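This one's a predicted model, so the numbers in the text were calculated from it and none came from an experiment. Index from 1, following the sequence. Just follow the structure's listing: the first ligand is 1, and inside any ligand the first atom is 1.
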Amino acid sequence: MPTLGNPKNTIEIIQKYEFAFQKRFGQNFLIDTHVLDKIIAAAGITRDDMVLEIGPGIGTMTQYLAEAAHRVVAVEIDTNLIPILKETLGAYDNVTVINDDILKVDIKKLAEEYNGGRPIKVVANLPYYITTPIIMGLFESDVPIDNITVMVQKEVADRMQVGPGSKDYGALSLAVQYYAEPYIVANVPPNCFMPRPNVGSAVIRLTRHKTPPVKVQDPALMFKLVRASFNQRRKTLQNGLKNAPDLNYSKELILEAIESLGVPATIRGEALNLAQFAQLANYFTEHK
Ligand code: SAM
């Protein structure tokens, strides 16, 4: 049975090992059992699943994952946490802890080694300083993934699930929605963590699309167009695309492409939805 997930046992283990929290690793440990239960339920973990946990900390969520999953592989960067994890996860024979930086780990290889290449689930209370590279890395690599259920900064969760018209809409919204269906599971206040972060948090589940919701011949080109539009948010789409150093289209072709969407030539990129960015990318691919 999980023994962590409450303030008393968390403090005890931290004092026993004289563990010093490292701000640079984004260390805020969960101390609320209700939140932990919600994360496990939202991820839909069964006895058939392999779960990759990013940043197990002292092993709080890992204990819950070990109870629910077939196998848990947890990647933790902080060497000082390894002896602690040995103790807190000692009772589970289905957990493997790897002491490494998740951004350097070959996750596809892990999925092959521990799950025969079948889709894995990713669960994490993420270190907020690398939320975007972790999530984009998971989507852009060809790791077989079922869903990703993560705690992130509240604003970031909002950004992932909004569409045009919101101030939070941007490149991250479009990337996440191209690859997955986002669903906000819970908002989590600072007092659910030790130490308390100075931002609000939210748990978001990203269920990977079996096939993308839009057809794009060249997804890399679509994301270049997206970046060009949002890098110069206040400019028109036309100017954004013209000024982008990694795009090389004539003024005329850009105008034609925008007009092919049936929108005004003065439109801003932030007004386009995913389907329109896809259409724009396909136009450029077809009219090179
Ligand atoms: N899962 C624990 C919990 O919920 O209480 C800890 C979550 S804490 C917000 C983030 C964890 O990620 C820390 O244990 C931190 O050391 C670890 N971490 C930070 N950067 C990492 C990286 N690049 N690779 C792997 N783990 C990392």
Decide yes or no for [X] and [Y]: does some side-chain heavy atom of the first lie under 4.5 Å from some side-chain heavy atom of the second?
X	Y	result
Phe284	Leu253	yes
Ile102	Ile107	yes
Gln279	Leu272	no
Tyr114	Leu52	no
Thr62	Val95	yes

Contact with ligand 1 for [X], non-hydrogen, under 4.0 angstrom:
X	result
Leu103	no
Met151	no
Leu4	no
Tyr128	no

Can you tell me the protein heavy atom closest to [atom] and the distance?
atom	value
atom 26 (N) of ligand 1	Ile77 N, 3.3 Å
atom 1 (N) of ligand 1	Gly55 O, 2.8 Å
atom 3 (C) of ligand 1	Asn125 ND2, 3.6 Å
atom 2 (C) of ligand 1	Pro56 O, 3.3 Å
atom 14 (O) of ligand 1	Glu76 OE1, 2.7 Å
atom 19 (C) of ligand 1	Phe25 O, 3.1 Å
atom 5 (O) of ligand 1	Leu30 N, 2.8 Å

Backbone or side chain, does any N or O of [X] fall under 3.5 Å from an N or O of ligand 1?
X	value
Tyr129	yes
Glu53	yes
Ile102	yes
Leu81	no
Ile54	no

Indicate yes or no: does [X] engage [Y] in a salt bridge with an N to O separation below 4.0 Å.
X	Y	value
Lys108	Asp142	yes
Asp100	Lys104	no
Arg205	Glu181	no
Arg159	Asp168	no
Lys8	Glu12	yes

request  = Determine whether the aromatic ring centres of Tyr169 and Phe230 lie less than 6.0 Å apart.
outcome  = yes
ask   = Below 6.0 angstrom between ring centroids: does that apply to Phe193 and Phe29?
value = no
Mark up the atoms of ligand 1 that fall under 4.0 Å of a heavy atom belonging to [X], in ascending order.
X	result
Gly26	8 (S), 9 (C), 10 (C)
Asp100	24 (N), 25 (C)
Val75	25 (C), 26 (N)
Gln27	13 (C), 15 (C), 16 (O)
Asn28	7 (C), 8 (S), 9 (C)
Asp101	22 (C), 23 (N), 24 (N)

ask   = Can you list the steps and then say if Thr3 with Gln63 is a side-chain contact (heavy atoms from CB on, under 4.5 Å)?
value = CA-CA 8 Å; Thr3 54; Gln63 292 184 339; 3.2 Å; yes
Member of Leu4, Leu65, Thr60 meeting the side-chain contact (heavy atoms from CB on, under 4.5 Å) criterion with Leu36 = Thr60
task = Classify the contact between Ile130 and ligand 1 as side chain, backbone, both or neither, using a heavy-atom distance cut-off of under 4.0 Å.
result = side chain
